[in-house]
Amino acid sequence: MLRPERMSRVSVTGTKRVMVDVVEAIHDLNLLHLEDYDGSWEGFTPGDPVGPAEEASERLVTVRSIESILGVDEDDAEGTDAHVTDEDISAELADVRAEVNELDDRRSELREALRDVEEAIASGEPFVDVGIDLDLLSGYEELAVRVGEGDAEAVEAALDDAEAISAYEVFAGEEALAAFVHPADEAALDEVLVGVEFAAVEVPDAEGAPGESLAGLEAERERIESELETVQAEIESLKEDAARFLLAAEERLSVEVQKAEAPLRFATTTNAFLAEGWIPSDRYGELEAALDEAAGDLVE
């Protein structure tokens, strides 16, 4: 049966010149659960970070951003015991970041291009359905033209009843249609189409058979998809190469940031500090011995 462990509240105080040594000793033991100083004591303020806290924090953000882009998680380092030094991080992180950013930018560009092509294909399909050359769907002085998807019979009935329309011709495919009307009163034509099942699409500024244009777009889509697969494969390869380094760097930097920011939880004066927290009662002696070794009589 599991039972709660007896805990003791501990206060650690000393001179500021051994504060870094105390932080190292406390962190290495991994026993003390620090509490945040609440600012209630007169003459005391929260401490300031020690060491290169800002640099370590920025590097940690960079590492986690790269991991997110690559899709790295802890499973990618399973079964390994990778360790890195600060020198390793300084030497490798900038290169990995540059390579990842270049690939990610390229992937984003290709995804955007693919979306644009797919939208163009979707908007071009009605014209293929109607089957009229694109250059014949615009440029008339005496005719107004609308192309879209809808109910051809309903459109024809509405045009029959429209007093502003003197003549019309509807060319219908399976789902799309093109309506040519005289006179060239676009406002009158739009008013007629508002009342029926019809969704207009913009006529592209192009010539020739719409099927040829669509075939070109589909070929472009295949090219982009192929290039996107290549870039994704390069990202996966880089992930395999860099995962262990990134996870080890994240672990090391996380520890550095924790140590550097620990004094933010302390109460401090110009010359002294005080930290409070909780420790398993039966291990108090370990804490006392570690602090005595780290700072001697400069800490209590």
Side-chain angles (χ1 to χ4, degrees), residues 52-129 134 149 175-176 201-202 204-258 260:
E54 184 174 353
E55 180 182 357
S57 181
E58 289 177 355
R59 285 183 171 184
L60 182 58
V61 169
T62 298
V63 167
R64 287 174 174 168
S65 175
I66 293 172
E67 289 176 342
S68 177
I69 293 171
L70 294 178
V72 172
D73 57 36
E74 293 181 0
D75 292 341
D76 292 308
E78 189 174 354
T80 66
D81 188 22
H83 296 282
V84 294
T85 65
D86 289 336
E87 290 74 19
D88 294 331
I89 295 174
S90 297
E92 294 185 42
L93 185 57
D95 291 340
V96 173
R97 178 176 59 184
E99 189 172 357
V100 168
N101 286 343
E102 181 180 352
L103 288 171
D104 189 46
D105 288 345
R106 183 59 183 149
R107 179 171 61 180
S108 297
E109 292 171 0
L110 289 168
R111 284 174 172 173
E112 184 176 355
L114 183 59
R115 283 193 297 269
D116 290 343
V117 169
E118 288 177 339
E119 289 176 2
I121 289 173
S123 63
E125 287 173 348
F127 300 98
V128 176
D129 189 20
L134 296 173
E149 296 181 341
E175 296 181 0
V201 293
E202 184 177 354
D205 184 15
E207 298 181 352
E212 295 177 0
S213 177
L214 195 64
L217 290 170
E218 290 173 342
E220 177 68 3
R221 177 173 62 185
E222 291 180 3
R223 184 196 67 78
I224 294 173
E225 288 175 339
S226 175
E227 190 170 347
L228 188 57
E229 288 178 1
T230 299
V231 172
Q232 188 61 47
E234 292 178 12
I235 290 175
E236 287 298 321
S237 177
L238 179 57
K239 172 184 174 179
E240 292 179 5
D241 292 340
R244 291 181 61 198
F245 162 73
L246 291 169
L247 291 168
E250 181 184 15
E251 182 178 359
R252 182 177 185 86
L253 291 168
S254 295
V255 170
E256 288 184 10
V257 170
Q258 289 174 11

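Nothing fancy with the numbering, it's 1 onward along the sequence. Just the heavy atoms: all of them, side chains too, but no hydrogens, waters or symmetry mates, feed the values below.
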With Leu110, the side chain to side chain contact (heavy atoms under 4.5 Å, CB included) member among Gln232, Glu227, Glu229 =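 The passing option is Glu227.
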
Flag, side chain of [X] to backbone of [Y], donor-acceptor distance under 3.5 Å:
X      : Y      : result
Lys239 : Gly71  : yes
Ser65  : Val61  : no
Ser57  : Ala53  : no
Ser226 : Arg223 : no
Ser254 : Glu250 : yes

inquiry  = What I want to find out is whether Glu119 reaches Arg115 closely enough, with some N-O distance under 4.0 Å, to be called a salt bridge.
reply    =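 No, no charged N to carboxylate O under 4.0 Å.
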
About how many Å separate [atom2] of [Y] and [atom1] of [X], when rounded to the nearest 0.5 Å?
X      : Y      : atom1 : atom2 : answer
Arg111 : Arg107 : CZ    : CZ    : 4.5 Å
Glu55  : Asp86  : CD    : CG    : 8.5 Å
Arg106 : Ile235 : CZ    : CD1   : 11.5 Å
Asp241 : Glu99  : CG    : CD    : 8.0 Å
Arg97  : Arg59  : CZ    : CZ    : 9.5 Å
Glu220 : Leu114 : CD    : CG    : 9.5 Å

Given side chains that start at C-beta, do those of [X] and [Y] come closer than 4.5 Å, heavy atoms only?
X      : Y      : value
Val63  : Glu67  : yes
Ile69  : Asn101 : yes
Phe127 : Leu214 : no
Glu149 : Asp129 : no
Leu134 : Pro210 : yes
Glu225 : Arg221 : yes

message = More than 12 heavy atoms of other residues, nucleotides or ligands under 6.0 Å from CD of Glu54: yes or no?
response =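 Atom CD in Glu54 is not packed in, count stays at 12 or less.
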
inquiry  = Just checking Glu118: does its CD atom have more than 12 heavy atoms from other residues, nucleotides or ligands closer to it than 6.0 angstrom?
reply    =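 Result for CD/Glu118: enclosed.
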
Can you name the nearest heavy-atom pair linking [X] to [Y], along with the distance?
X      : Y      : value
Val96  : Ala242 : CG1-CB, 4.3 Å
Ala56  : Leu253 : O-CD2, 4.1 Å
Val231 : Leu103 : CG1-O, 3.7 Å

message = Regarding Thr85 and Asp88, do their side chains bring together a donor and an acceptor under 3.5 Å, going by distance alone?
response =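 Checked: Thr85/Asp88 side chains pair up, N/O donor to acceptor below 3.5 Å.
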
